[in-house]
Number of protein chains: 2
Amino acid sequence: MINEQAITSADKTFFLLRRDIVEGEIPSGAKLSETELSTKYAVSRAVIREAINRLESCRLVERKANIGARVVALTPQGLVELYEVREALEGMAARLAARNMTDQEIADLNALLNQHFQEVKGGESYYQEAGDVDFHYRIIQGSKNQHLTNMLTNGIYHLVRMYRVQLGMAGPRVTTAFDEHRHIVQAICNRDEELAEMLMRRHITYSRKNIEQKLAAQAGSNRRQQA
Amino acid sequence: MINEQAITSADKTFFLLRRDIVEGEIPSGAKLSETELSTKYAVSRAVIREAINRLESCRLVERKANIGARVVALTPQGLVELYEVREALEGMAARLAARNMTDQEIADLNALLNQHFQEVKGGESYYQEAGDVDFHYRIIQGSKNQHLTNMLTNGIYHLVRMYRVQLGMAGPRVTTAFDEHRHIVQAICNRDEELAEMLMRRHITYSRKNIEQKLAAQAGSNRRQQA
DNA sequence: GATGTCTATATTGTCGACACTTTCCCTCGG
DNA sequence: CCGAGGGAAAGTGTCGACAATATAGACATC
(Lines give C-alpha, C1' and ligand atoms only; values in the text may rest on other atoms or scores of the structure.)
Protein backbone atom coordinates (compact mmCIF):
# COMPACT_ATOMS: atom_id res chain seq x y z
CA MET A 1 0.00 0.00 0.00
CA ILE A 2 2.48 2.57 1.19
CA ASN A 3 5.25 2.19 -1.33
CA GLU A 4 8.54 2.52 0.49
CA GLN A 5 11.60 0.97 -1.03
CA ALA A 6 14.95 0.66 0.63
CA ILE A 7 17.89 2.03 -1.31
CA THR A 8 20.67 2.24 1.21
CA SER A 9 21.59 -0.18 3.93
CA ALA A 10 20.37 2.39 6.46
CA ASP A 11 16.94 2.29 4.80
CA LYS A 12 16.70 -1.47 5.21
CA THR A 13 17.86 -1.34 8.80
CA PHE A 14 15.38 1.43 9.54
CA PHE A 15 12.50 -0.61 8.13
CA LEU A 16 13.57 -3.71 10.04
CA LEU A 17 13.95 -1.85 13.30
CA ARG A 18 10.65 -0.06 12.81
CA ARG A 19 8.85 -3.32 12.20
CA ASP A 20 10.44 -4.96 15.23
CA ILE A 21 9.47 -2.02 17.41
CA VAL A 22 5.91 -1.67 16.12
CA GLU A 23 5.29 -5.41 16.37
CA GLY A 24 6.69 -5.40 19.87
CA GLU A 25 9.60 -7.74 19.19
CA ILE A 26 11.73 -5.02 20.68
CA PRO A 27 9.59 -4.21 23.68
CA SER A 28 8.31 -0.78 24.60
CA GLY A 29 10.76 1.02 26.86
CA ALA A 30 13.72 -1.14 25.86
CA LYS A 31 17.14 0.40 25.43
CA LEU A 32 18.59 0.40 21.92
CA SER A 33 22.28 -0.34 22.27
CA GLU A 34 24.13 0.73 19.14
CA THR A 35 26.89 -1.86 19.44
CA GLU A 36 24.42 -4.63 20.17
CA LEU A 37 22.16 -3.73 17.25
CA SER A 38 25.11 -3.37 14.90
CA THR A 39 26.06 -7.01 15.52
CA LYS A 40 22.44 -8.19 15.44
CA TYR A 41 21.68 -6.57 12.08
CA ALA A 42 25.22 -7.03 10.75
CA VAL A 43 25.88 -3.42 9.83
CA SER A 44 28.18 -0.74 11.18
CA ARG A 45 27.26 1.53 14.01
CA ALA A 46 26.96 4.45 11.62
CA VAL A 47 24.08 2.71 9.88
CA ILE A 48 22.41 1.93 13.19
CA ARG A 49 22.77 5.53 14.28
CA GLU A 50 21.14 6.75 11.09
CA ALA A 51 18.28 4.31 11.54
CA ILE A 52 17.80 5.35 15.15
CA ASN A 53 17.76 8.99 14.13
CA ARG A 54 14.94 8.29 11.72
CA LEU A 55 13.06 6.32 14.32
CA GLU A 56 13.35 9.33 16.53
CA SER A 57 11.76 11.60 13.94
CA CYS A 58 8.88 9.10 13.77
CA ARG A 59 8.67 9.45 17.56
CA LEU A 60 9.07 5.70 17.95
CA VAL A 61 12.20 6.11 20.05
CA GLU A 62 13.57 8.83 22.30
CA ARG A 63 17.22 9.74 22.31
CA LYS A 64 19.25 11.51 24.93
CA ALA A 65 22.72 12.86 24.32
CA ASN A 66 25.51 10.65 25.64
CA ILE A 67 22.99 8.25 27.13
CA GLY A 68 21.29 6.48 24.29
CA ALA A 69 17.94 5.69 22.73
CA ARG A 70 14.94 3.90 24.21
CA VAL A 71 11.77 2.68 22.58
CA VAL A 72 8.92 4.97 23.58
CA ALA A 73 6.80 3.87 26.50
CA LEU A 74 3.17 3.12 25.75
CA THR A 75 1.01 4.93 28.27
CA PRO A 76 -2.70 5.76 28.41
CA GLN A 77 -1.64 9.41 28.54
CA GLY A 78 0.46 9.01 25.39
CA LEU A 79 -2.38 7.28 23.60
CA VAL A 80 -4.75 10.12 24.38
CA GLU A 81 -2.23 12.69 23.19
CA LEU A 82 -1.63 10.76 20.00
CA TYR A 83 -5.32 10.57 19.21
CA GLU A 84 -5.80 14.25 19.91
CA VAL A 85 -3.18 15.04 17.31
CA ARG A 86 -4.67 12.51 14.97
CA GLU A 87 -8.11 14.03 15.39
CA ALA A 88 -6.79 17.46 14.46
CA LEU A 89 -4.78 16.30 11.46
CA GLU A 90 -7.13 13.74 9.99
CA GLY A 91 -10.06 16.08 10.54
CA MET A 92 -8.25 18.63 8.44
CA ALA A 93 -7.36 15.91 5.92
CA ALA A 94 -11.04 15.04 5.52
CA ARG A 95 -11.90 18.71 5.04
CA LEU A 96 -9.24 19.11 2.38
CA ALA A 97 -10.20 15.82 0.76
CA ALA A 98 -13.74 17.13 0.37
CA ARG A 99 -12.25 20.12 -1.39
CA ASN A 100 -9.50 18.51 -3.45
CA MET A 101 -10.27 14.90 -4.31
CA THR A 102 -11.20 14.30 -7.92
CA ASP A 103 -14.56 12.76 -8.76
CA GLN A 104 -12.70 9.69 -9.94
CA GLU A 105 -10.88 9.32 -6.63
CA ILE A 106 -14.15 9.62 -4.75
CA ALA A 107 -15.71 6.98 -6.97
CA ASP A 108 -12.75 4.68 -6.28
CA LEU A 109 -13.11 5.29 -2.58
CA ASN A 110 -16.78 4.35 -2.77
CA ALA A 111 -15.87 1.19 -4.63
CA LEU A 112 -13.35 0.32 -1.92
CA LEU A 113 -16.02 0.81 0.68
CA ASN A 114 -18.44 -1.49 -1.14
CA GLN A 115 -15.74 -4.11 -1.36
CA HIS A 116 -15.17 -3.83 2.37
CA PHE A 117 -18.90 -4.15 2.90
CA GLN A 118 -18.93 -7.46 1.05
CA GLU A 119 -16.04 -8.70 3.13
CA VAL A 120 -17.66 -7.65 6.38
CA LYS A 121 -20.91 -9.30 5.34
CA GLY A 122 -18.92 -12.41 4.49
CA GLY A 123 -17.68 -12.49 8.05
CA GLU A 124 -14.07 -11.55 7.39
CA SER A 125 -13.01 -9.28 10.18
CA TYR A 126 -9.50 -8.50 9.10
CA TYR A 127 -11.24 -5.27 8.12
CA GLN A 128 -9.98 -3.40 11.13
CA GLU A 129 -6.33 -3.57 10.21
CA ALA A 130 -6.00 -3.51 6.45
CA GLY A 131 -9.28 -1.96 5.42
CA ASP A 132 -9.39 0.77 8.00
CA VAL A 133 -5.83 1.79 7.23
CA ASP A 134 -6.53 1.76 3.51
CA PHE A 135 -9.57 3.98 3.96
CA HIS A 136 -7.81 6.55 6.09
CA TYR A 137 -4.79 6.48 3.84
CA ARG A 138 -6.83 7.38 0.78
CA ILE A 139 -8.43 10.33 2.47
CA ILE A 140 -5.09 11.55 3.69
CA GLN A 141 -3.76 11.33 0.17
CA GLY A 142 -6.91 13.02 -1.06
CA SER A 143 -6.08 16.12 0.97
CA LYS A 144 -3.31 16.75 -1.58
CA ASN A 145 -1.35 18.33 1.24
CA GLN A 146 2.19 17.00 1.30
CA HIS A 147 2.96 18.21 4.81
CA LEU A 148 -0.13 16.62 6.23
CA THR A 149 0.46 13.39 4.35
CA ASN A 150 4.04 13.06 5.52
CA MET A 151 3.20 13.80 9.12
CA LEU A 152 0.48 11.19 9.21
CA THR A 153 2.01 8.38 7.15
CA ASN A 154 5.64 8.72 8.27
CA GLY A 155 5.04 9.62 11.85
CA ILE A 156 1.73 9.16 13.56
CA TYR A 157 0.50 6.19 11.61
CA HIS A 158 3.19 3.79 12.83
CA LEU A 159 2.74 4.90 16.41
CA VAL A 160 -1.00 4.26 16.20
CA ARG A 161 -0.29 0.85 14.80
CA MET A 162 2.16 0.17 17.61
CA TYR A 163 -0.51 0.91 20.20
CA ARG A 164 -3.03 -1.24 18.36
CA VAL A 165 -0.76 -4.21 17.90
CA GLN A 166 0.71 -4.23 21.35
CA LEU A 167 -2.55 -3.68 23.15
CA GLY A 168 -4.05 -6.53 21.13
CA MET A 169 -6.73 -4.70 19.21
CA ALA A 170 -8.58 -7.36 17.28
CA GLY A 171 -11.76 -5.95 18.64
CA PRO A 172 -15.25 -5.42 17.34
CA ARG A 173 -16.27 -1.96 16.25
CA VAL A 174 -16.02 -3.27 12.72
CA THR A 175 -19.49 -2.69 11.42
CA THR A 176 -20.06 0.54 13.28
CA ALA A 177 -16.76 1.89 11.99
CA PHE A 178 -17.90 0.87 8.54
CA ASP A 179 -21.02 3.02 8.81
CA GLU A 180 -18.94 5.95 9.97
CA HIS A 181 -16.70 5.51 6.97
CA ARG A 182 -19.72 5.54 4.69
CA HIS A 183 -21.00 8.81 6.11
CA ILE A 184 -17.59 10.43 5.75
CA VAL A 185 -17.38 9.44 2.11
CA GLN A 186 -20.90 10.74 1.58
CA ALA A 187 -19.89 14.12 2.98
CA ILE A 188 -16.80 14.20 0.78
CA CYS A 189 -18.93 13.26 -2.21
CA ASN A 190 -21.21 16.23 -1.42
CA ARG A 191 -18.13 18.44 -1.11
CA ASP A 192 -19.29 19.32 2.39
CA GLU A 193 -15.98 20.23 4.01
CA GLU A 194 -17.49 21.17 7.33
CA LEU A 195 -19.35 17.90 7.74
CA ALA A 196 -16.49 15.77 6.45
CA GLU A 197 -14.16 17.20 9.07
CA MET A 198 -16.69 16.87 11.85
CA LEU A 199 -17.53 13.26 11.01
CA MET A 200 -13.88 12.30 10.75
CA ARG A 201 -13.15 13.87 14.10
CA ARG A 202 -16.01 12.03 15.71
CA HIS A 203 -14.94 8.81 14.06
CA ILE A 204 -11.48 9.16 15.57
CA THR A 205 -12.88 10.15 18.95
CA TYR A 206 -15.05 7.02 19.00
CA SER A 207 -12.06 4.94 18.04
CA ARG A 208 -10.06 6.48 20.84
CA LYS A 209 -12.73 5.77 23.42
CA ASN A 210 -12.91 2.21 22.20
CA ILE A 211 -9.19 1.73 22.71
CA GLU A 212 -9.28 3.49 26.06
CA GLN A 213 -11.94 1.06 27.25
CA LYS A 214 -9.82 -1.91 26.29
CA LEU A 215 -6.81 -0.34 27.88
CA ALA A 216 -8.74 0.12 31.11
CA ALA A 217 -10.07 -3.44 30.94
CA GLN A 218 -6.58 -4.76 30.33
CA ALA A 219 -5.17 -2.74 33.21
CA GLY A 220 -7.91 -4.23 35.36
CA SER A 221 -7.08 -7.81 34.37
CA ASN A 222 -3.40 -7.10 34.97
CA ARG A 223 -4.19 -5.98 38.48
CA ARG A 224 -6.19 -9.12 39.04
CA GLN A 225 -3.31 -11.23 37.72
CA GLN A 226 -0.87 -9.55 40.03
CA ALA A 227 -3.13 -10.00 43.03
CA MET B 1 12.00 31.50 25.40
CA ILE B 2 12.42 28.09 23.87
CA ASN B 3 15.16 26.63 25.99
CA GLU B 4 17.37 24.52 23.77
CA GLN B 5 20.91 23.87 24.85
CA ALA B 6 23.56 22.21 22.75
CA ILE B 7 25.32 19.29 24.36
CA THR B 8 27.10 17.57 21.53
CA SER B 9 28.92 19.08 18.61
CA ALA B 10 26.12 17.84 16.38
CA ASP B 11 23.66 19.88 18.43
CA LYS B 12 25.64 23.07 17.90
CA THR B 13 26.04 22.42 14.20
CA PHE B 14 22.34 21.70 13.90
CA PHE B 15 21.42 24.99 15.57
CA LEU B 16 23.87 26.93 13.40
CA LEU B 17 22.67 25.33 10.22
CA ARG B 18 19.05 25.83 11.17
CA ARG B 19 19.62 29.50 11.87
CA ASP B 20 21.46 29.98 8.60
CA ILE B 21 18.68 28.29 6.69
CA VAL B 22 15.80 30.07 8.43
CA GLU B 23 17.48 33.45 8.09
CA GLY B 24 18.17 32.76 4.43
CA GLU B 25 21.95 32.91 4.65
CA ILE B 26 21.86 29.50 3.02
CA PRO B 27 19.28 30.24 0.36
CA SER B 28 16.12 28.26 -0.25
CA GLY B 29 16.72 25.47 -2.73
CA ALA B 30 20.49 25.42 -2.19
CA LYS B 31 22.35 22.14 -2.12
CA LEU B 32 23.92 21.13 1.17
CA SER B 33 27.25 19.52 0.34
CA GLU B 34 28.47 17.45 3.25
CA THR B 35 32.16 17.89 2.48
CA GLU B 36 31.76 21.61 1.95
CA LEU B 37 29.82 22.12 5.18
CA SER B 38 32.25 19.99 7.16
CA THR B 39 35.09 22.36 6.27
CA LYS B 40 32.90 25.46 6.76
CA TYR B 41 31.78 24.49 10.25
CA ALA B 42 35.04 22.69 11.11
CA VAL B 43 33.52 19.36 12.07
CA SER B 44 33.59 15.90 10.58
CA ARG B 45 31.14 14.73 7.97
CA ALA B 46 29.48 12.45 10.52
CA VAL B 47 28.45 15.49 12.52
CA ILE B 48 27.17 17.26 9.43
CA ARG B 49 25.18 14.20 8.45
CA GLU B 50 23.57 14.05 11.87
CA ALA B 51 22.68 17.74 11.69
CA ILE B 52 21.22 17.33 8.19
CA ASN B 53 19.17 14.38 9.39
CA ARG B 54 17.65 16.52 12.09
CA LEU B 55 17.00 19.34 9.67
CA GLU B 56 15.16 16.82 7.56
CA SER B 57 12.88 15.84 10.43
CA CYS B 58 12.10 19.55 10.83
CA ARG B 59 11.26 19.55 7.12
CA LEU B 60 13.72 22.34 6.52
CA VAL B 61 15.72 20.24 4.06
CA GLU B 62 14.91 17.33 1.78
CA ARG B 63 17.30 14.43 1.35
CA LYS B 64 17.55 11.89 -1.43
CA ALA B 65 19.62 8.75 -1.19
CA ASN B 66 22.97 8.94 -2.97
CA ILE B 67 22.19 12.42 -4.22
CA GLY B 68 22.22 14.74 -1.25
CA ALA B 69 20.20 17.28 0.67
CA ARG B 70 18.67 20.55 -0.48
CA VAL B 71 17.08 23.36 1.47
CA VAL B 72 13.32 23.25 0.93
CA ALA B 73 11.91 25.50 -1.76
CA LEU B 74 9.57 28.24 -0.58
CA THR B 75 6.46 28.17 -2.73
CA PRO B 76 3.01 29.68 -2.35
CA GLN B 77 1.67 26.14 -2.44
CA GLY B 78 3.98 25.10 0.38
CA LEU B 79 2.95 28.10 2.44
CA VAL B 80 -0.72 27.24 2.08
CA GLU B 81 -0.06 23.63 3.06
CA LEU B 82 1.96 24.70 6.06
CA TYR B 83 -0.78 27.00 7.31
CA GLU B 84 -3.42 24.34 6.83
CA VAL B 85 -1.47 22.04 9.12
CA ARG B 86 -0.87 24.88 11.51
CA GLU B 87 -4.57 25.69 11.60
CA ALA B 88 -5.41 22.10 12.49
CA LEU B 89 -2.74 21.72 15.17
CA GLU B 90 -2.93 25.13 16.81
CA GLY B 91 -6.71 24.98 16.73
CA MET B 92 -6.51 21.76 18.69
CA ALA B 93 -3.90 23.34 20.95
CA ALA B 94 -6.27 26.18 21.79
CA ARG B 95 -9.05 23.72 22.51
CA LEU B 96 -6.82 21.71 24.84
CA ALA B 97 -5.44 24.86 26.43
CA ALA B 98 -9.00 25.88 27.33
CA ARG B 99 -9.33 22.50 29.00
CA ASN B 100 -5.93 22.10 30.64
CA MET B 101 -4.31 25.45 31.42
CA THR B 102 -4.25 26.32 35.10
CA ASP B 103 -5.92 29.49 36.29
CA GLN B 104 -2.49 30.84 37.09
CA GLU B 105 -1.23 30.20 33.56
CA ILE B 106 -4.26 31.95 32.14
CA ALA B 107 -3.67 34.90 34.43
CA ASP B 108 -0.05 35.06 33.27
CA LEU B 109 -1.16 34.93 29.67
CA ASN B 110 -3.50 37.83 30.30
CA ALA B 111 -0.69 39.78 31.89
CA LEU B 112 1.49 39.10 28.85
CA LEU B 113 -1.26 40.41 26.63
CA ASN B 114 -1.61 43.60 28.66
CA GLN B 115 2.11 44.13 28.43
CA HIS B 116 1.93 43.73 24.67
CA PHE B 117 -0.93 46.19 24.60
CA GLN B 118 1.23 48.81 26.32
CA GLU B 119 4.01 48.21 23.84
CA VAL B 120 1.71 48.44 20.86
CA LYS B 121 0.19 51.64 22.25
CA GLY B 122 3.71 52.95 22.71
CA GLY B 123 4.30 52.48 19.02
CA GLU B 124 6.67 49.54 19.25
CA SER B 125 5.85 47.21 16.42
CA TYR B 126 8.36 44.49 17.06
CA TYR B 127 5.22 42.87 18.39
CA GLN B 128 4.73 40.72 15.35
CA GLU B 129 7.87 38.67 15.77
CA ALA B 130 8.57 38.25 19.46
CA GLY B 131 5.16 38.89 20.96
CA ASP B 132 3.15 36.85 18.53
CA VAL B 133 5.50 33.90 18.90
CA ASP B 134 5.40 34.18 22.66
CA PHE B 135 1.61 34.20 22.70
CA HIS B 136 1.24 31.18 20.47
CA TYR B 137 3.97 29.36 22.32
CA ARG B 138 2.21 29.70 25.64
CA ILE B 139 -1.02 28.34 24.28
CA ILE B 140 0.79 25.43 22.69
CA GLN B 141 2.41 24.68 26.02
CA GLY B 142 -0.94 25.12 27.70
CA SER B 143 -2.35 22.22 25.71
CA LYS B 144 -0.21 19.96 27.93
CA ASN B 145 0.09 17.66 24.93
CA GLN B 146 3.70 16.65 24.39
CA HIS B 147 3.17 15.36 20.87
CA LEU B 148 1.45 18.51 19.78
CA THR B 149 4.05 20.70 21.42
CA ASN B 150 6.96 18.90 19.80
CA MET B 151 5.41 18.96 16.36
CA LEU B 152 4.75 22.66 16.52
CA THR B 153 7.88 23.94 18.23
CA ASN B 154 10.44 21.59 16.71
CA GLY B 155 8.99 21.34 13.26
CA ILE B 156 6.42 23.74 11.96
CA TYR B 157 7.42 26.78 13.91
CA HIS B 158 10.81 27.16 12.25
CA LEU B 159 9.35 26.68 8.82
CA VAL B 160 6.78 29.39 9.47
CA ARG B 161 9.53 31.68 10.62
CA MET B 162 11.53 30.87 7.50
CA TYR B 163 8.65 31.97 5.30
CA ARG B 164 8.14 35.11 7.33
CA VAL B 165 11.77 36.15 7.38
CA GLN B 166 12.51 35.43 3.78
CA LEU B 167 9.34 37.00 2.43
CA GLY B 168 10.09 40.09 4.50
CA MET B 169 7.10 40.11 6.82
CA ALA B 170 7.45 43.23 8.90
CA GLY B 171 3.91 44.02 8.00
CA PRO B 172 1.00 45.63 9.77
CA ARG B 173 -1.78 43.45 11.11
CA VAL B 174 -0.39 44.21 14.52
CA THR B 175 -3.37 45.73 16.28
CA THR B 176 -5.94 43.50 14.62
CA ALA B 177 -3.92 40.43 15.57
CA PHE B 178 -3.80 41.79 19.08
CA ASP B 179 -7.59 41.91 19.29
CA GLU B 180 -7.80 38.36 18.00
CA HIS B 181 -5.36 37.27 20.68
CA ARG B 182 -7.52 38.92 23.33
CA HIS B 183 -10.63 37.11 22.20
CA ILE B 184 -8.82 33.78 22.20
CA VAL B 185 -7.61 34.29 25.74
CA GLN B 186 -11.12 35.28 26.76
CA ALA B 187 -12.48 32.03 25.38
CA ILE B 188 -9.79 30.05 27.18
CA CYS B 189 -10.56 31.93 30.38
CA ASN B 190 -14.20 30.91 30.00
CA ARG B 191 -13.10 27.33 29.40
CA ASP B 192 -14.98 27.45 26.12
CA GLU B 193 -13.07 24.83 24.13
CA GLU B 194 -15.24 25.09 21.07
CA LEU B 195 -14.86 28.85 20.76
CA ALA B 196 -11.16 28.83 21.57
CA GLU B 197 -10.47 26.41 18.76
CA MET B 198 -12.65 28.29 16.31
CA LEU B 199 -11.08 31.66 17.09
CA MET B 200 -7.57 30.26 16.85
CA ARG B 201 -8.33 28.72 13.50
CA ARG B 202 -9.74 31.96 12.20
CA HIS B 203 -6.77 33.85 13.56
CA ILE B 204 -4.42 31.60 11.64
CA THR B 205 -6.54 31.76 8.53
CA TYR B 206 -6.44 35.56 8.60
CA SER B 207 -2.71 35.43 9.10
CA ARG B 208 -2.39 33.14 6.12
CA LYS B 209 -4.44 35.38 3.90
CA ASN B 210 -2.33 38.31 4.97
CA ILE B 211 0.86 36.55 3.95
CA GLU B 212 -0.68 35.31 0.75
CA GLN B 213 -1.54 38.88 -0.21
CA LYS B 214 2.02 39.99 0.35
CA LEU B 215 3.30 37.02 -1.55
CA ALA B 216 1.04 37.91 -4.47
CA ALA B 217 2.07 41.57 -4.29
CA GLN B 218 5.72 40.60 -4.20
CA ALA B 219 5.29 38.28 -7.15
CA GLY B 220 3.64 41.16 -8.99
CA SER B 221 6.50 43.55 -8.31
CA ASN B 222 8.96 40.86 -9.34
CA ARG B 223 7.18 40.56 -12.64
CA ARG B 224 7.31 44.31 -13.08
CA GLN B 225 11.00 44.34 -12.28
CA GLN B 226 11.69 41.62 -14.79
CA ALA B 227 9.71 43.41 -17.50
C1' DG C 1 24.47 1.38 57.62
C1' DA C 2 24.34 5.26 54.49
C1' DT C 3 26.74 8.46 51.66
C1' DG C 4 30.30 10.18 48.70
C1' DT C 5 34.29 9.46 45.84
C1' DC C 6 37.23 7.08 42.72
C1' DT C 7 38.32 3.80 39.39
C1' DA C 8 37.09 0.42 35.74
C1' DT C 9 34.02 -0.62 32.27
C1' DA C 10 30.76 0.07 28.80
C1' DT C 11 28.46 3.13 25.68
C1' DT C 12 27.96 7.08 22.84
C1' DG C 13 30.21 10.92 20.02
C1' DT C 14 33.56 12.07 16.56
C1' DC C 15 36.86 11.29 13.13
C1' DG C 16 39.40 9.99 8.78
C1' DA C 17 39.59 6.48 5.20
C1' DC C 18 37.57 3.50 1.88
C1' DA C 19 33.55 1.74 -1.20
C1' DC C 20 29.94 2.72 -4.00
C1' DT C 21 26.86 5.72 -6.74
C1' DT C 22 25.95 9.62 -9.42
C1' DT C 23 27.35 13.20 -12.51
C1' DC C 24 29.93 15.34 -15.92
C1' DC C 25 32.60 15.40 -19.87
C1' DC C 26 35.14 13.43 -23.40
C1' DT C 27 35.29 10.32 -27.15
C1' DC C 28 33.42 7.48 -30.69
C1' DG C 29 30.13 6.10 -34.13
C1' DG C 30 26.19 7.26 -36.81
C1' DC D 1 25.82 17.76 -35.77
C1' DC D 2 23.69 14.59 -32.48
C1' DG D 3 23.21 10.60 -29.43
C1' DA D 4 25.46 6.56 -27.01
C1' DG D 5 29.05 4.73 -24.43
C1' DG D 6 32.79 5.04 -21.36
C1' DG D 7 35.72 6.66 -18.16
C1' DA D 8 37.44 10.35 -14.53
C1' DA D 9 35.80 13.38 -10.79
C1' DA D 10 32.98 14.51 -7.12
C1' DG D 11 29.79 13.27 -3.75
C1' DT D 12 27.34 10.19 -0.62
C1' DG D 13 27.24 5.68 2.03
C1' DT D 14 29.69 2.64 5.13
C1' DC D 15 33.22 1.18 8.07
C1' DG D 16 36.54 0.58 12.05
C1' DA D 17 39.20 3.17 15.44
C1' DC D 18 39.80 6.66 18.84
C1' DA D 19 38.00 10.25 22.21
C1' DA D 20 34.66 11.79 25.47
C1' DT D 21 31.03 10.75 28.48
C1' DA D 22 28.04 8.01 31.56
C1' DT D 23 27.27 3.82 34.47
C1' DA D 24 28.50 0.33 38.01
C1' DG D 25 31.04 -1.31 41.68
C1' DA D 26 34.53 -1.10 45.25
C1' DC D 27 36.31 1.43 48.79
C1' DA D 28 36.74 4.90 52.28
C1' DT D 29 34.45 8.07 55.33
C1' DC D 30 30.89 9.80 58.35
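Sequence lines set the chain letters: A, B, ... in the order given, protein chains first and strands last, and positions in each chain run from 1.
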Mind checking whether B:His158 and B:Arg59 have side chains closer than 4.5 Å, heavy atoms only?
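The answer is no; the side chains never approach within 4.5 Å.
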
Hey, are [X] and [Y] close enough for a salt bridge, meaning a charged N less than 4.0 Å from a carboxylate O?
X	Y	result
A:Arg95	A:Glu193	yes
B:Arg19	B:Glu23	no
B:Arg49	B:Glu34	yes

Between C1' on C:dG13 and CG on A:Asn53, what's the gap in Å once rounded to a whole number?
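Going from CG in A:Asn53 over to C1' in C:dG13 covers 12 Å.
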
Each nucleotide of nucleotides 8-20 of chain D classed B (base within 4.0 Å of a protein heavy atom), S (only sugar-phosphate) or -, in 5' to 3' order, makes ---SBBBB-B---

Per the side-chain contact (heavy atoms from CB on, under 4.5 Å) rule, which among B:Leu60, B:Val61, B:Leu55 passes with B:Cys58?
B:Leu60

